[in-house]
Amino acid sequence: YGFILPGWKKTKLTYRIVNYTPDMTQTDVDKAIQKAFKVWSTVSPLTFTRIYKGIADIMIAFGTGAHGHCPRYFDGPLGVLGHAFPPGNGIGGDVHFDEDEHWTEGSAGFNLFLVAAHEFGHALGLSHSTDRGALMFPNYAYINPTEFPLSPDDISGIQAIYGPSPNTPDKPARPASPKTCDPMVSFDAITTLRREVMFFKDRHIWRVYPDNSEVELELISTFWPFLPSGIQAAYENIKDQILFFKGNNFWVISGYQVLPGYPKNINTLGFPRSVKKIDAAVSNKNTGTTDFFVGDKYWRYEESSQSMEKGYPRQITDDFPGIGKKVDAVFQHKGFFYFFRGSKQWEFDPNAKRVIRVMKSNIWFNC
Amino acid sequence: FPVLPEKNNEGENMQLVQEYLEKFYELQPDPEHLAWRRSTSPMVEKIQKMQEFFGLEVTGKPDPETLEVMQKPRCGVPDVGQ
(Lines give C-alpha, C1' and ligand atoms only; values in the text may rest on other atoms or scores of the structure.)
Protein backbone atom coordinates (compact mmCIF):
# COMPACT_ATOMS: atom_id res chain seq x y z
CA TYR A 1 0.00 0.00 0.00
CA GLY A 2 0.89 3.66 -0.25
CA PHE A 3 -0.53 6.71 1.45
CA ILE A 4 -0.29 10.46 1.61
CA LEU A 5 0.04 11.88 5.11
CA PRO A 6 -1.42 13.45 7.11
CA GLY A 7 -4.82 12.34 5.76
CA TRP A 8 -7.88 14.01 7.23
CA LYS A 9 -7.23 15.73 10.57
CA LYS A 10 -10.66 14.62 11.82
CA THR A 11 -12.43 11.28 11.88
CA LYS A 12 -16.03 12.47 11.42
CA LEU A 13 -16.36 13.17 7.71
CA THR A 14 -19.29 14.30 5.60
CA TYR A 15 -20.23 13.37 2.04
CA ARG A 16 -22.69 14.64 -0.51
CA ILE A 17 -23.97 12.99 -3.67
CA VAL A 18 -24.10 15.93 -6.06
CA ASN A 19 -25.77 14.14 -8.99
CA TYR A 20 -26.78 10.65 -10.13
CA THR A 21 -26.04 8.30 -13.01
CA PRO A 22 -29.09 7.38 -15.12
CA ASP A 23 -27.74 3.80 -15.30
CA MET A 24 -29.06 2.92 -11.84
CA THR A 25 -31.94 3.91 -9.61
CA GLN A 26 -31.12 6.66 -7.13
CA THR A 27 -31.82 4.22 -4.31
CA ASP A 28 -29.26 1.78 -5.69
CA VAL A 29 -26.66 4.54 -6.07
CA ASP A 30 -27.30 5.68 -2.49
CA LYS A 31 -26.93 2.10 -1.27
CA ALA A 32 -23.69 1.51 -3.24
CA ILE A 33 -22.13 4.72 -1.89
CA GLN A 34 -23.21 4.04 1.68
CA LYS A 35 -21.90 0.48 1.50
CA ALA A 36 -18.58 1.69 0.03
CA PHE A 37 -18.08 4.06 2.99
CA LYS A 38 -18.99 1.26 5.41
CA VAL A 39 -16.08 -0.78 4.05
CA TRP A 40 -13.62 1.81 5.37
CA SER A 41 -15.47 2.73 8.56
CA THR A 42 -15.47 -0.95 9.55
CA VAL A 43 -11.68 -1.07 9.78
CA SER A 44 -10.83 2.47 10.92
CA PRO A 45 -12.12 5.06 13.41
CA LEU A 46 -13.64 7.08 10.51
CA THR A 47 -17.37 7.82 10.31
CA PHE A 48 -19.26 9.18 7.30
CA THR A 49 -22.40 11.30 7.47
CA ARG A 50 -24.40 12.24 4.42
CA ILE A 51 -25.42 15.85 3.87
CA TYR A 52 -27.77 17.07 1.15
CA LYS A 53 -26.62 20.65 0.57
CA GLY A 54 -23.54 22.78 1.03
CA ILE A 55 -19.93 21.67 0.89
CA ALA A 56 -19.11 18.22 2.22
CA ASP A 57 -15.63 16.86 2.83
CA ILE A 58 -16.22 14.31 0.06
CA MET A 59 -18.26 15.61 -2.86
CA ILE A 60 -19.38 12.80 -5.16
CA ALA A 61 -20.33 13.46 -8.79
CA PHE A 62 -20.79 11.76 -12.16
CA GLY A 63 -19.42 13.55 -15.23
CA THR A 64 -18.03 13.08 -18.74
CA GLY A 65 -14.95 14.46 -20.50
CA ALA A 66 -13.97 17.81 -19.05
CA HIS A 67 -16.32 18.11 -16.09
CA GLY A 68 -16.92 21.09 -13.81
CA HIS A 69 -13.76 22.68 -12.51
CA CYS A 70 -11.96 19.37 -12.24
CA PRO A 71 -8.40 19.51 -13.60
CA ARG A 72 -8.58 15.87 -14.74
CA TYR A 73 -10.60 14.89 -17.82
CA PHE A 74 -12.47 11.67 -18.45
CA ASP A 75 -11.80 9.66 -21.60
CA GLY A 76 -15.12 8.20 -22.76
CA PRO A 77 -16.15 4.55 -22.37
CA LEU A 78 -13.64 2.15 -20.76
CA GLY A 79 -10.14 3.40 -19.91
CA VAL A 80 -10.47 5.55 -16.81
CA LEU A 81 -13.54 4.75 -14.69
CA GLY A 82 -13.20 7.30 -11.92
CA HIS A 83 -10.79 9.44 -9.97
CA ALA A 84 -10.49 11.03 -6.57
CA PHE A 85 -8.40 13.63 -4.79
CA PRO A 86 -6.47 13.14 -1.57
CA PRO A 87 -7.70 14.77 1.67
CA GLY A 88 -7.69 18.56 1.64
CA ASN A 89 -9.76 21.68 1.14
CA GLY A 90 -11.58 22.54 -2.08
CA ILE A 91 -11.40 19.64 -4.51
CA GLY A 92 -9.48 17.62 -1.91
CA GLY A 93 -11.41 14.46 -0.99
CA ASP A 94 -13.76 14.75 -3.96
CA VAL A 95 -14.68 11.70 -6.02
CA HIS A 96 -15.79 11.68 -9.66
CA PHE A 97 -17.14 8.81 -11.76
CA ASP A 98 -17.01 8.69 -15.56
CA GLU A 99 -20.63 8.83 -16.72
CA ASP A 100 -19.58 7.29 -20.05
CA GLU A 101 -19.21 3.96 -18.25
CA HIS A 102 -22.11 1.60 -17.64
CA TRP A 103 -22.65 1.60 -13.87
CA THR A 104 -24.40 -1.32 -12.22
CA GLU A 105 -25.04 -2.96 -8.88
CA GLY A 106 -23.98 -6.35 -10.29
CA SER A 107 -21.23 -7.95 -12.33
CA ALA A 108 -22.16 -6.47 -15.73
CA GLY A 109 -20.52 -3.19 -16.73
CA PHE A 110 -18.74 -1.70 -13.75
CA ASN A 111 -19.93 -2.25 -10.20
CA LEU A 112 -20.41 1.17 -8.62
CA PHE A 113 -19.91 -0.08 -5.08
CA LEU A 114 -16.46 -1.52 -5.90
CA VAL A 115 -15.26 1.51 -7.86
CA ALA A 116 -16.63 3.86 -5.16
CA ALA A 117 -14.90 1.89 -2.41
CA HIS A 118 -11.62 2.14 -4.36
CA GLU A 119 -12.01 5.89 -4.98
CA PHE A 120 -12.97 6.53 -1.37
CA GLY A 121 -9.65 4.92 -0.47
CA HIS A 122 -7.96 7.74 -2.40
CA ALA A 123 -10.26 10.34 -0.82
CA LEU A 124 -9.04 9.11 2.57
CA GLY A 125 -5.37 9.34 1.63
CA LEU A 126 -4.43 5.99 0.13
CA SER A 127 -2.57 5.76 -3.15
CA HIS A 128 -2.40 2.71 -5.40
CA SER A 129 -1.22 -0.63 -4.10
CA THR A 130 1.00 -2.99 -6.07
CA ASP A 131 -0.79 -5.97 -4.45
CA ARG A 132 -3.02 -7.50 -7.13
CA GLY A 133 -5.41 -8.72 -4.46
CA ALA A 134 -5.88 -5.27 -2.93
CA LEU A 135 -8.92 -3.10 -3.55
CA MET A 136 -6.44 -0.26 -4.08
CA PHE A 137 -4.79 -2.02 -7.05
CA PRO A 138 -5.42 0.39 -9.95
CA ASN A 139 -7.08 -2.03 -12.41
CA TYR A 140 -10.75 -2.91 -12.01
CA ALA A 141 -11.61 -6.49 -11.06
CA TYR A 142 -15.06 -7.64 -10.09
CA ILE A 143 -15.41 -9.20 -6.64
CA ASN A 144 -18.50 -11.01 -5.47
CA PRO A 145 -20.39 -8.38 -3.40
CA THR A 146 -20.97 -10.87 -0.60
CA GLU A 147 -17.22 -10.82 0.05
CA PHE A 148 -15.61 -8.07 2.11
CA PRO A 149 -13.57 -6.23 -0.54
CA LEU A 150 -10.58 -5.12 1.55
CA SER A 151 -7.40 -7.18 1.57
CA PRO A 152 -4.97 -7.17 4.53
CA ASP A 153 -2.87 -4.73 2.48
CA ASP A 154 -5.78 -2.25 2.23
CA ILE A 155 -6.48 -2.53 5.95
CA SER A 156 -2.82 -2.01 6.85
CA GLY A 157 -2.82 1.07 4.60
CA ILE A 158 -5.85 2.80 6.13
CA GLN A 159 -4.77 1.90 9.65
CA ALA A 160 -1.30 3.34 8.96
CA ILE A 161 -3.03 6.72 8.58
CA TYR A 162 -5.91 6.60 11.07
CA GLY A 163 -5.22 3.69 13.37
CA PRO A 164 -7.45 0.67 13.90
CA SER A 165 -11.19 0.62 14.38
CA PRO A 166 -12.43 0.82 17.95
CA ASN A 167 -14.78 -2.04 16.98
CA THR A 168 -13.79 -5.48 15.79
CA PRO A 169 -14.50 -5.93 12.07
CA ASP A 170 -17.62 -8.00 11.58
CA LYS A 171 -16.26 -9.55 8.39
CA PRO A 172 -12.83 -11.08 7.82
CA ALA A 173 -10.55 -9.44 5.31
CA ARG A 174 -10.03 -11.12 1.98
CA PRO A 175 -7.02 -13.43 2.04
CA ALA A 176 -3.79 -11.93 0.77
CA SER A 177 -2.69 -12.81 -2.75
CA PRO A 178 -0.97 -16.20 -2.79
CA LYS A 179 2.76 -16.25 -3.45
CA THR A 180 3.58 -18.14 -6.64
CA CYS A 181 6.80 -19.64 -5.34
CA ASP A 182 5.67 -20.34 -1.78
CA PRO A 183 7.13 -23.83 -1.18
CA MET A 184 4.08 -24.72 0.95
CA VAL A 185 1.53 -23.68 -1.67
CA SER A 186 -1.45 -26.02 -2.07
CA PHE A 187 -4.31 -25.87 -4.55
CA ASP A 188 -8.09 -25.97 -4.31
CA ALA A 189 -8.57 -27.32 -7.84
CA ILE A 190 -6.72 -27.72 -11.13
CA THR A 191 -7.98 -28.11 -14.67
CA THR A 192 -6.66 -28.01 -18.18
CA LEU A 193 -8.19 -25.75 -20.79
CA ARG A 194 -6.92 -26.51 -24.27
CA ARG A 195 -3.14 -26.11 -24.02
CA GLU A 196 -3.04 -24.42 -20.63
CA VAL A 197 -3.33 -25.60 -17.05
CA MET A 198 -5.24 -23.56 -14.48
CA PHE A 199 -4.45 -23.79 -10.78
CA PHE A 200 -7.13 -22.43 -8.41
CA LYS A 201 -6.49 -21.06 -4.92
CA ASP A 202 -9.04 -18.99 -2.97
CA ARG A 203 -9.98 -16.07 -5.29
CA HIS A 204 -6.99 -16.55 -7.56
CA ILE A 205 -6.00 -18.53 -10.59
CA TRP A 206 -2.56 -19.27 -12.01
CA ARG A 207 -2.50 -19.84 -15.76
CA VAL A 208 0.39 -21.94 -17.01
CA TYR A 209 1.37 -23.09 -20.48
CA PRO A 210 3.41 -26.21 -19.65
CA ASP A 211 5.64 -25.82 -22.72
CA ASN A 212 6.27 -22.19 -21.96
CA SER A 213 7.84 -20.62 -18.88
CA GLU A 214 5.15 -17.96 -18.41
CA VAL A 215 2.91 -18.01 -15.33
CA GLU A 216 0.09 -15.53 -14.87
CA LEU A 217 -1.73 -14.87 -11.59
CA GLU A 218 -5.23 -13.47 -11.99
CA LEU A 219 -8.44 -13.16 -10.01
CA ILE A 220 -11.00 -15.82 -10.93
CA SER A 221 -13.54 -13.00 -11.17
CA THR A 222 -11.57 -11.41 -14.00
CA PHE A 223 -12.81 -14.21 -16.26
CA TRP A 224 -15.87 -15.58 -14.46
CA PRO A 225 -17.36 -12.96 -12.12
CA PHE A 226 -20.34 -15.19 -11.30
CA LEU A 227 -18.19 -17.97 -9.80
CA PRO A 228 -17.60 -18.07 -6.03
CA SER A 229 -14.10 -18.11 -4.58
CA GLY A 230 -12.74 -21.34 -3.13
CA ILE A 231 -13.59 -23.62 -6.06
CA GLN A 232 -13.14 -27.21 -4.83
CA ALA A 233 -12.82 -29.16 -8.08
CA ALA A 234 -12.71 -28.48 -11.80
CA TYR A 235 -12.17 -30.36 -15.05
CA GLU A 236 -12.23 -29.85 -18.80
CA ASN A 237 -14.75 -32.04 -20.62
CA ILE A 238 -14.69 -33.25 -24.22
CA LYS A 239 -16.84 -30.32 -25.41
CA ASP A 240 -14.33 -27.52 -24.72
CA GLN A 241 -16.12 -26.68 -21.48
CA ILE A 242 -14.97 -26.50 -17.87
CA LEU A 243 -17.04 -27.81 -14.98
CA PHE A 244 -16.49 -26.06 -11.63
CA PHE A 245 -17.58 -27.53 -8.30
CA LYS A 246 -18.17 -25.96 -4.92
CA GLY A 247 -20.24 -27.58 -2.22
CA ASN A 248 -23.17 -29.35 -3.82
CA ASN A 249 -23.26 -26.96 -6.79
CA PHE A 250 -21.56 -27.14 -10.15
CA TRP A 251 -21.31 -24.74 -13.07
CA VAL A 252 -20.55 -25.47 -16.74
CA ILE A 253 -18.53 -22.74 -18.41
CA SER A 254 -17.97 -22.19 -22.11
CA GLY A 255 -15.46 -19.38 -22.71
CA TYR A 256 -16.54 -16.49 -20.51
CA GLN A 257 -20.16 -17.65 -20.18
CA VAL A 258 -21.92 -19.99 -17.77
CA LEU A 259 -24.39 -22.25 -19.57
CA PRO A 260 -28.06 -21.49 -18.85
CA GLY A 261 -29.59 -23.35 -15.93
CA TYR A 262 -26.42 -23.51 -13.83
CA PRO A 263 -25.43 -23.90 -11.06
CA LYS A 264 -27.03 -27.33 -10.70
CA ASN A 265 -26.90 -29.77 -7.83
CA ILE A 266 -24.18 -32.43 -8.11
CA ASN A 267 -26.88 -35.06 -7.51
CA THR A 268 -27.95 -34.44 -11.14
CA LEU A 269 -24.65 -36.05 -12.20
CA GLY A 270 -25.63 -39.22 -10.38
CA PHE A 271 -24.07 -38.76 -6.97
CA PRO A 272 -26.07 -39.98 -3.97
CA ARG A 273 -27.42 -37.34 -1.63
CA SER A 274 -24.81 -38.30 0.96
CA VAL A 275 -22.12 -36.68 -1.25
CA LYS A 276 -21.99 -33.02 -0.25
CA LYS A 277 -18.91 -31.90 -2.18
CA ILE A 278 -16.29 -33.04 -4.70
CA ASP A 279 -12.60 -32.86 -3.70
CA ALA A 280 -11.11 -33.22 -7.18
CA ALA A 281 -12.02 -34.28 -10.71
CA VAL A 282 -10.13 -35.27 -13.84
CA SER A 283 -11.30 -36.26 -17.27
CA ASN A 284 -9.22 -39.00 -18.89
CA LYS A 285 -8.82 -37.93 -22.51
CA ASN A 286 -7.85 -41.46 -23.54
CA THR A 287 -10.94 -43.19 -22.17
CA GLY A 288 -13.60 -40.44 -22.22
CA THR A 289 -14.33 -41.03 -18.56
CA THR A 290 -14.13 -38.63 -15.64
CA ASP A 291 -13.01 -39.59 -12.15
CA PHE A 292 -14.52 -37.69 -9.21
CA PHE A 293 -12.62 -37.92 -5.91
CA VAL A 294 -14.67 -37.65 -2.71
CA GLY A 295 -12.92 -38.40 0.58
CA ASP A 296 -11.14 -41.77 0.25
CA LYS A 297 -13.34 -42.94 -2.66
CA TYR A 298 -13.82 -42.10 -6.31
CA TRP A 299 -16.67 -42.32 -8.81
CA ARG A 300 -16.26 -42.83 -12.58
CA TYR A 301 -18.49 -40.91 -14.99
CA GLU A 302 -19.00 -41.81 -18.65
CA GLU A 303 -18.91 -38.55 -20.62
CA SER A 304 -20.53 -39.89 -23.80
CA SER A 305 -23.56 -41.42 -22.04
CA GLN A 306 -23.48 -38.75 -19.29
CA SER A 307 -23.98 -41.32 -16.56
CA MET A 308 -22.07 -42.83 -13.68
CA GLU A 309 -20.40 -46.17 -14.36
CA LYS A 310 -21.66 -49.11 -12.34
CA GLY A 311 -19.50 -50.57 -9.58
CA TYR A 312 -18.50 -47.21 -8.10
CA PRO A 313 -17.49 -45.68 -5.72
CA ARG A 314 -14.24 -47.54 -5.25
CA GLN A 315 -11.38 -46.94 -2.82
CA ILE A 316 -8.77 -44.53 -4.19
CA THR A 317 -5.96 -46.65 -2.72
CA ASP A 318 -7.14 -49.73 -4.65
CA ASP A 319 -6.88 -48.21 -8.12
CA PHE A 320 -4.39 -45.38 -7.59
CA PRO A 321 -1.80 -47.02 -5.35
CA GLY A 322 0.76 -44.70 -3.83
CA ILE A 323 -1.16 -41.43 -3.89
CA GLY A 324 -2.75 -41.73 -0.47
CA LYS A 325 -6.33 -41.57 0.70
CA LYS A 326 -7.30 -38.02 -0.17
CA VAL A 327 -6.80 -35.70 -3.13
CA ASP A 328 -6.90 -31.88 -3.25
CA ALA A 329 -6.69 -31.57 -7.02
CA VAL A 330 -5.79 -33.56 -10.13
CA PHE A 331 -5.30 -33.01 -13.84
CA GLN A 332 -4.09 -34.99 -16.85
CA HIS A 333 -1.08 -33.94 -18.94
CA LYS A 334 0.55 -35.96 -21.73
CA GLY A 335 -1.20 -39.12 -20.56
CA PHE A 336 -0.11 -38.91 -16.93
CA PHE A 337 -2.30 -37.93 -14.00
CA TYR A 338 -0.89 -35.37 -11.55
CA PHE A 339 -2.41 -35.72 -8.09
CA PHE A 340 -1.98 -32.95 -5.52
CA ARG A 341 -2.27 -32.98 -1.76
CA GLY A 342 -0.85 -30.14 0.34
CA SER A 343 2.51 -29.04 -1.04
CA LYS A 344 3.21 -32.36 -2.83
CA GLN A 345 2.22 -33.88 -6.13
CA TRP A 346 2.35 -37.41 -7.50
CA GLU A 347 2.94 -38.15 -11.19
CA PHE A 348 0.84 -41.25 -11.90
CA ASP A 349 0.75 -43.51 -14.95
CA PRO A 350 -2.91 -44.61 -15.26
CA ASN A 351 -2.00 -47.48 -17.63
CA ALA A 352 0.71 -48.98 -15.45
CA LYS A 353 -1.25 -47.93 -12.32
CA ARG A 354 1.84 -46.74 -10.53
CA VAL A 355 3.41 -43.55 -9.22
CA ILE A 356 6.31 -42.41 -11.41
CA ARG A 357 7.66 -39.70 -9.11
CA VAL A 358 6.75 -37.40 -6.23
CA MET A 359 7.44 -33.66 -6.57
CA LYS A 360 6.75 -30.27 -4.97
CA SER A 361 3.34 -28.98 -6.00
CA ASN A 362 4.60 -25.75 -7.58
CA ILE A 363 7.13 -27.12 -10.07
CA TRP A 364 4.72 -26.07 -12.84
CA PHE A 365 5.53 -22.45 -11.97
CA ASN A 366 9.26 -22.81 -12.73
CA CYS A 367 10.14 -21.62 -9.24
CA PHE B 1 -11.32 -17.56 -24.12
CA PRO B 2 -8.94 -14.77 -22.98
CA VAL B 3 -6.05 -14.32 -25.31
CA LEU B 4 -3.59 -11.52 -25.65
CA PRO B 5 -4.94 -8.70 -27.80
CA GLU B 6 -4.18 -8.74 -31.50
CA LYS B 7 -1.08 -6.82 -32.32
CA ASN B 8 -2.28 -3.45 -33.57
CA ASN B 9 -0.16 -1.37 -35.81
CA GLU B 10 2.83 0.09 -34.08
CA GLY B 11 1.65 3.68 -34.33
CA GLU B 12 -1.58 2.98 -32.41
CA ASN B 13 0.32 1.06 -29.76
CA MET B 14 2.83 3.85 -29.28
CA GLN B 15 0.02 6.38 -28.95
CA LEU B 16 -1.61 4.21 -26.28
CA VAL B 17 1.71 3.87 -24.44
CA GLN B 18 2.41 7.60 -24.66
CA GLU B 19 -1.05 8.58 -23.37
CA TYR B 20 -1.01 5.97 -20.59
CA LEU B 21 2.40 7.03 -19.33
CA GLU B 22 1.49 10.73 -19.49
CA LYS B 23 -1.67 10.08 -17.47
CA PHE B 24 -0.40 7.65 -14.86
CA TYR B 25 3.39 7.95 -14.81
CA GLU B 26 3.89 11.68 -15.30
CA LEU B 27 5.62 11.32 -18.63
CA GLN B 28 6.06 14.90 -19.85
CA PRO B 29 4.97 15.54 -23.43
CA ASP B 30 7.87 16.71 -25.55
CA PRO B 31 6.98 20.25 -26.68
CA GLU B 32 8.80 19.81 -29.98
CA HIS B 33 7.55 16.32 -30.77
CA LEU B 34 4.13 16.02 -29.19
CA ALA B 35 3.18 12.87 -31.08
CA TRP B 36 6.56 11.23 -31.15
CA ARG B 37 9.69 11.74 -29.12
CA ARG B 38 13.08 11.34 -30.71
CA SER B 39 14.77 10.13 -27.57
CA THR B 40 12.88 7.25 -26.08
CA SER B 41 14.83 7.00 -22.84
CA PRO B 42 12.29 8.83 -20.59
CA MET B 43 9.58 6.61 -22.04
CA VAL B 44 11.65 3.47 -21.49
CA GLU B 45 12.24 4.50 -17.90
CA LYS B 46 8.51 5.10 -17.33
CA ILE B 47 7.58 1.80 -18.99
CA GLN B 48 10.02 0.06 -16.65
CA LYS B 49 8.39 1.75 -13.64
CA MET B 50 4.97 0.71 -14.87
CA GLN B 51 6.10 -2.89 -15.47
CA GLU B 52 7.67 -3.03 -12.03
CA PHE B 53 4.48 -1.69 -10.41
CA PHE B 54 2.27 -4.26 -12.13
CA GLY B 55 4.64 -7.15 -11.51
CA LEU B 56 5.39 -7.60 -15.22
CA GLU B 57 8.73 -8.57 -16.65
CA VAL B 58 10.75 -5.34 -16.70
CA THR B 59 11.79 -4.97 -20.35
CA GLY B 60 11.27 -1.25 -20.91
CA LYS B 61 9.40 -2.23 -24.07
CA PRO B 62 5.67 -2.08 -24.80
CA ASP B 63 5.43 -5.85 -25.21
CA PRO B 64 2.03 -7.58 -25.52
CA GLU B 65 1.67 -8.17 -21.75
CA THR B 66 2.39 -4.51 -21.03
CA LEU B 67 -0.08 -3.36 -23.67
CA GLU B 68 -2.69 -5.73 -22.27
CA VAL B 69 -2.39 -4.19 -18.79
CA MET B 70 -2.52 -0.69 -20.28
CA GLN B 71 -5.81 -1.54 -21.99
CA LYS B 72 -7.53 -2.71 -18.81
CA PRO B 73 -10.18 -0.44 -17.24
CA ARG B 74 -8.73 1.35 -14.25
CA CYS B 75 -8.70 4.24 -11.81
CA GLY B 76 -7.66 7.66 -13.12
CA VAL B 77 -5.35 8.43 -10.22
CA PRO B 78 -1.64 8.17 -11.17
CA ASP B 79 0.20 5.12 -9.82
CA VAL B 80 3.38 7.04 -8.97
CA GLY B 81 4.60 10.56 -8.35
CA GLN B 82 1.52 11.77 -6.50
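Below, chain A is the first sequence line, B the second, and so on; all start at residue 1.
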Requested in this report: For the pair B:R74 and A:E101, evaluate salt bridge (charged side-chain N to carboxylate O under 4.0 Å, His left out) and give the outcome as yes or no after the intermediate values.
Outcome: CA-CA 12 Å; B:R74 56 159 292 154; A:E101 312 304 342; over 6 Å; no

Where is the tightest heavy-atom contact between [X] and [Y], given as atom of each residue plus distance?
{"X": "B:F53", "Y": "A:S129", "result": "CZ-O, 3.4 Å"}
{"X": "A:V80", "Y": "B:G76", "result": "CG1-CA, 3.5 Å"}
{"X": "A:H128", "Y": "B:V77", "result": "CE1-O, 2.9 Å"}
{"X": "B:F54", "Y": "A:R132", "result": "O-NH1, 3.7 Å"}

Report task. Give, for atom CG of A:N139 and atom CE of B:M70, the distance between the pair rounded to the nearest 0.5 Å. Result -> 11.0 Å

Report summary line: Here the gap from B:C75 atom SG to A:L135 atom CG, rounded to the nearest 0.5 Å, amounts to 10.0 Å

Heavy-atom distance under 4.5 Å to chain B: side chain of [X], backbone, both or neither?
{"X": "A:Q257", "answer": "neither"}
{"X": "A:F110", "answer": "side chain"}
{"X": "A:F85", "answer": "neither"}

**Report entry** Flag side-chain contact, heavy atom, 4.5 Å: A:D75 against B:K23
**Finding:** yes

Requested in this report: Report yes if some heavy atom in the side chain of B:P78 is under 4.5 Å from a heavy atom in the side chain of A:R72; otherwise report no.
Outcome: yes

Report task. Give me the contact list for residues 115-124 of chain A versus chain B, heavy atoms only, anything under 4.5 Å, ordered by residue number. Result -> A:H118, A:E119, A:H122

Query raised in the report: Within a reach of under 6.0 Å around NZ of A:K285, are more than 12 heavy atoms found that belong to other residues, nucleotides or ligands?
Result: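 Yes.
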
